[in-house]
Amino acid sequence: MPAWPATEADALAEQDRLRALVDPTGPALSDDALVAGVDVAYDDERDVVVAAAVLLDFTTLETVEETTAAGTVRFPYLPGLLAFRELPPVLDALAALRHRPDLVLCDGYGIAHPRRLGLASHLGVLTGLRTAGVAKTPFSFTHDQPGPARGDWSPLLDGTEIVGRALRTRTGVKPVFVSVGHRIGLAEACEATLALASRYRLPETTRRADSRCRRALAEAVLRGRGESRGLA
DNA sequence: GCGACAG
DNA sequence: ATCTTGTCGC
């Protein structure tokens with residue numbers, strides 16, 4: 001694997017290389033599927049980043065396994081280049097999983113991206129795993145308001161091109177923005193998102209990964225303080 | 001040219 | 001992402 005891009009120009013070239021490898025199609029999940037959620041927390045002061053991967057049983061929503069991975073921030077946040085900031089620890093956390101996920105849900109976009117290679121698609125191509133993105137805001141895309149009921153949706157548009165869906169996961173609550181990552185269709189990605197977001201706006205996968213990596217970051221920072229004082 | 005802009 | 005108290009509601 002080539003070195004992780006260090007400059008914006010290298011990152012753009014890497015996106016061009018990977019974007020051609022995205023497969024935006026694939027079947028629905030089976031009932032016995034294992035779905036992973038991944039998320040990242042930062043402490044920019046100390047240059048620390050921690051990722052978590054939480055694996056759920058798709059049907060029972062029970063946590064099967066969870067891992068975390070800590071590292072150093074390797075890339076600044078630049079809109080459109082989020083993957084280069086978030087993926088290094090995410091790849092480590094996923095590699096530490098004992099089971100292989102049947103789908104990985106990311107906090108962000110897949111194909112819905114100015115260059116068609118958002119975080120979720122990028123992760124899918126690098127790992128070969130099936131991935132989808134569920135974002136909380138519309139980024140630079142447009143959409144009509146979906147109907148008011150859970151399950152209602154409207155197309156997410158980049159100009160006239162459909163790149164995802166604004167999907168209402170809870171009646172009367174702001175929609176989330178779903179897009180294909182890799183090896184899954186848009187309808188199937190929305191179906192999975194809806195199944196995982198039965199109680200809250202965001203899917204259980206991302207909710208649990210979010211709380212898990214925040215806790216791991218707090219622990220890592222405490223450990224760092226202790227060691228710097230010689231308190232092993 | 002100036003802002004907007006996933007997390 | 002992160003900084004942050006109380007508060008409205010199921």
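Each chain gets a letter, A, B and so on, in the order the sequences are listed, and its residues count up from 1.
Residues satisfying the side chain to side chain contact (heavy atoms under 4.5 Å, CB included) test with A:Ala9, not counting sequence neighbours, are A:Thr7. Partners of A:Ser211 according to the side chain to side chain contact (heavy atoms under 4.5 Å, CB included) rule, which considers only residues two or more places apart in sequence or in another chain, do not exist here. Partners of A:Asp92 under the side chain to side chain contact (heavy atoms under 4.5 Å, CB included) rule, at least two apart in sequence or in another chain, are A:Ala69. With sequence neighbours left out, A:Phe177 forms a ring pair (Phe, Tyr, Trp, His ring centres under 6.0 Å) with A:His143. A:Phe75 is linked by a ring pair (Phe, Tyr, Trp, His ring centres under 6.0 Å) to A:Phe84, counting only residues two or more places apart in sequence or in another chain.
Looking only at distances, no side-chain donor or acceptor of A:Asp158 sits under 3.5 Å from a matching main-chain atom of A:Glu161. No side-chain donor-acceptor contact under 3.5 Å links A:Arg165 to the backbone of A:Ser154. For the pair A:Arg150 (side chain) and A:Arg168 (backbone), a donor-acceptor distance under 3.5 Å is absent.
Residues from residues 197-218 of chain A with heavy atoms under 4.0 angstrom of DNA chain B: there are none. Listed by residue number, there are no residues of residues 176-192 of chain A with a heavy-atom contact under 4.0 Å to DNA chain C. Taking every heavy atom of residues 40-48 of chain A and every atom of DNA chain C, pairs under 4.0 Å involve A:Ala41, A:Tyr42, by number.
A distance of 11.0 Å separates OG1 of A:Thr205 from CG of A:Asp210, quoted to the nearest 0.5 Å. Atom-to-atom distance recorded for A:Arg85:CZ and A:Arg74:CZ is 13.0 Å, nearest 0.5 angstrom.
A salt bridge links A:Glu219 to A:Arg215: at least one charged side-chain nitrogen sits closer than 4.0 Å to a carboxylate oxygen. We find that A:Asp107 and A:Lys136 are joined by a salt bridge, their nearest charged nitrogen and carboxylate oxygen being less than 4.0 Å apart.
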> Where do A:Leu105 and A:Leu196 land on the side-chain contact (heavy atoms from CB on, under 4.5 Å) test, with the steps shown first?
Replying inline: CA-CA 10 Å; A:Leu105 279 193; A:Leu196 289 160; 3.6 Å; yes
> Can A:Thr63 and A:Arg208 be said to form a side-chain hydrogen bond (donor to acceptor under 3.5 Å, both in side chains), step by step?
Replying inline: CA-CA 9 Å; A:Thr63 298; A:Arg208 287 181 207 174; 2.9 Å; yes
>> The test is salt bridge (charged side-chain N to carboxylate O under 4.0 Å, His left out); show your working for A:Asp16 and A:Arg115 and say whether it passes.
In response: CA-CA 8 Å; A:Asp16 283 337; A:Arg115 302 161 60 80; 2.9 Å; yes
>> For DNA chain B, please output the secondary structure as dot-bracket, reading 5' to 3'. Pairs are Watson-Crick or G-U wobble, both atom distances under 3.5 Å; mark crossing pairs with [ ], other-strand partners with |, unpaired with a dot.
In response: .......
> Where each pair must be Watson-Crick or G-U wobble with both distances under 3.5 Å, what dot-bracket representation of DNA chain C is obtained, with crossing pairs in [ ] and other-strand partners as |?
Replying inline: ..........
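Reading DNA chain C from its 5' end, the first and the last nucleotide to sit under 4.0 Å from a heavy atom of chain A are C:dA1 to C:dT2. Contacts between chain A and DNA chain B, taken as any atom within less than 4.0 angstrom of a protein heavy atom, begin and end at B:dC5 to B:dG7.
Between A:Phe139 and A:Tyr109, the ring-plane angle classifies as parallel under the 30° and 60° cut-offs.
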